[in-house]
Every structure is written in C-alpha cells, then in structure tokens.
Amino acid sequence: MAEQSKSSSGHHHHHHHHMDGASKFKRKSLMAIERRKKIEKWLFRAVVLIAILMAIAVVVVYTLK
C-alpha cells in the first residue's frame, strides 16, 4: 500500500488556462502600451540625435564662411 501511494504522489496534473476574451483584450492592450512606450523612447532619441547633428552642421557652416 505504501508503494501505491508513492507512485500516485508522483503524478502531476497540468492545468492549461485558456484565455477568455477579456484576458486577451487586456494582454493586447498592455502589449500595445509597452510597444508605444518603446517607440516613443526611440523616436525621442532619434529627434535628439537629429537636433545635435543640425546644431553641428550650423556651427560648421558658420565657421567655414
């Protein structure tokens, strides 16, 4: 009997959670927010880089004159 309980205690049940519509909507919304934040961060960096390059270009143009 002890052997029987040993073998049954080693058995695991895996529960697969199925997403309902609300969970899918929430997950998609959160992923969209994350994506928007990343895009905004990289666009800000690009604009700052362009501004720096333009400032350097202005300095170069006026010093070469």
Side-chain angles (χ1 to χ4, degrees):
M1 181 129 164
E3 290 179 29
Q4 191 177 19
S5 66
K6 275 185 184 176
S7 65
S8 66
S9 68
H11 187 73
H12 297 286
H13 291 281
H14 295 284
H15 298 283
H16 297 284
H17 297 284
H18 296 283
M19 276 199 240
D20 59 348
S23 296
K24 285 181 184 178
F25 177 77
K26 181 179 177 183
R27 194 171 131 262
K28 283 176 66 175
S29 296
L30 290 173
M31 288 177 67
I33 291 169
E34 292 274 330
R35 184 171 45 247
R36 197 174 309 121
K37 284 181 182 178
K38 287 180 183 177
I39 290 171
E40 285 178 10
K41 183 171 73 172
W42 284 103
L43 283 176
F44 178 76
R45 289 178 180 176
V47 168
V48 168
L49 181 64
I50 291 170
I52 291 170
L53 292 175
M54 288 176 66
I56 292 171
V58 167
V59 169
V60 168
V61 166
Y62 278 105
T63 55
L64 291 178
K65 221 174 177 183

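In this text, all values refer to a predicted model and were calculated from it rather than measured experimentally.
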Pair Arg35-Ile39, side chain to side chain contact (heavy atoms under 4.5 Å, CB included): steps then yes or no: CA-CA 6 Å; Arg35 184 171 45 247; Ile39 290 171; 4.0 Å; yes

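- With values rounded to the nearest 0.5 angstrom, Leu30 atom CG is found 9.5 Å from Phe25 atom CZ.
- Considering Glu40, Lys38, Glu34 in turn, Glu40 is the only one that fulfils the side chain to side chain contact (heavy atoms under 4.5 Å, CB included) rule with Arg36.
- Cluster annotation: Ile52 is connected to Phe44 through the hydrophobic network of ILVMFWY side chains, with a link wherever side-chain heavy atoms come within less than 4.5 Å.
- Side-chain contact check for Met54 versus Ile50: some heavy-atom pair is nearer than 4.5 Å.
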